[in-house]
Amino acid sequence: MKHNWEYKRLGDVCEKGSSNLIQKNLEFSDTGFDVFGASGSLGKISYYQQEKPYIGIVKDGSGVGRCNVYPAKSSLIGTMQYILAKDTVTNSFLCYLLKSLNLSKYVNGAAIPHIYFKDYKKEIVPVPPKEVQKQIVTELDKINEVIEDCHELLRNLDALSLSLFYDFFGDPITNPKGWETSKFESLCKLSAGGDKPSDTQKDKCEEKMIPVYSNGIENEGLYGYTSQPRIIEPSVTISGRGTLGVPFVRKKPFVPIIRLIVATPMSNMNITFLFYLIKLLNLKGKGAAIPQLTVPMIKDLLLPVPPLSLQEMFSSLIERIDAQKKAVEETIANLQTLLDSRMDYWFN
């Protein structure tokens, strides 16, 4: 036990509060008080439910268990829950404390996951003196601030890449620079993924080193690994299910599955140029029940074809930006390891 620290049940240092706000029933305006959902502020209304700052935790749906500190004179939507600190803890300390708990073990529900305060309030948690809580929060806040600065740098580098594309080639949809155009299918070999290989497994091993990609966005759509590739040439994949039209560059042999679209560029198309071109085309699919994007839907699209030398000049600049992004991502990973270590030190 750390010096002068008490250990209590979570329910002894905070209590829950409920929201009855339903987004579709709210009348939002330009002025008033913020209503927050899992993704941030939803808008402003003429009243509020909480007079003082508080913790909000996602109790239903995507992101269940995620928590943040919210400002005074604001409210939460009904899919979130108020966590109200008692006198023994500060809001900021309580938020870090909640993040340190393995709340995933309390999640119920397959279709719509949810979590109940009555279950996790029994957790035994450390309660240091207020001055120590302030010290802990200050330290962890500084690490998180540097992590956020790094994420902001990544966003700026992404914006720079898009800006370079527009400077070099203009808008790919309106084609203001008047580049020659050709059909998608004449610039790339287009195909779609089928069933997953029977020997697909989650983890990579010596016998199975070929990545299998699906239409997912998380982890760039990596589904697992297999022994034999179906696509050898460097290509761009395009999601045809779920979040439609999202491209990823695949420079090594791989296997596409579940109708994942594959565009393998021909000799007059640089793969980096192709990636940004597809990204900015903002491809949309069709289908009322389950929207989808297919090869027949995109094969006749007319795409601008700037000189290959200009495409390659753009690609070389993007390579330099990507190298900077990789260095920043490594810094973020190191900072996250540091944050996890300090969280573990203070709370476990």
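Because the structure is predicted, anything quoted here is derived from the model rather than measured.
- Closest non-hydrogen pair, V69 versus S92, comes out as CG2-CA, 4.2 Å.
- Seen from the ring of F117, K121 does not count as a face-on cation partner, given the 6.0 Å and 45° thresholds.
- Between F169 and F314, the ring planes lie perpendicular to each other; the angle is over 60°, past the 30° to 60° tilted range.
- Two residues are said to be in side-chain contact when any heavy atoms from C-beta on lie closer than 4.5 Å; L335 and C150 meet this criterion.
- The two residues I55 and C67 make their nearest non-hydrogen contact at CG2-CB, 4.1 Å.
- Sequence neighbours left out, the pairs with a member in residues 22-49 that pass salt bridge (Lys or Arg N to Asp or Glu O under 4.0 Å) are D34-K44.
- Contact record, T272 with N270: N-OD1, 2.8 Å, taken as the closest heavy-atom pair.
- Ring orientation note: the planes of Y116 and H114 are tilted relative to one another, at an angle of 30° to 60°.
- Taking the ring centroids of Y276 and F168, they lie at or beyond the 6.0 Å cut-off.
- Nearest approach of Y166 to K177, heavy atoms of both residues: O-CE, 4.1 Å.
- Considering only heavy atoms from C-beta on, K252 stays 4.5 Å or farther from I210 through its side chain.
- The shortest non-hydrogen separation linking K196 to R230 is C-NH2, 4.2 Å.
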- Message: Run the salt bridge (charged side-chain N to carboxylate O under 4.0 Å, His left out) test on E152 and R155 for me, step by step, so that the C-alpha distance in whole Å, both residues' side-chain angles and the decisive distance to 0.1 Å come before the verdict.
- Response: CA-CA 5 Å; E152 179 64 22; R155 289 189 287 269; 2.8 Å; yes
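- Side-chain contact check for Y54 and S74: at least one donor-acceptor pair (N or O, by modelled atom type) lies under 3.5 Å.
- Annotation for V58 and A38: closest pair CG2-CB, 3.9 Å, computed over non-hydrogen atoms.
- The ring pair (Phe, Tyr, Trp, His ring centres under 6.0 Å) test with Y70 is passed by exactly one of Y48, F36, Y82: F36.
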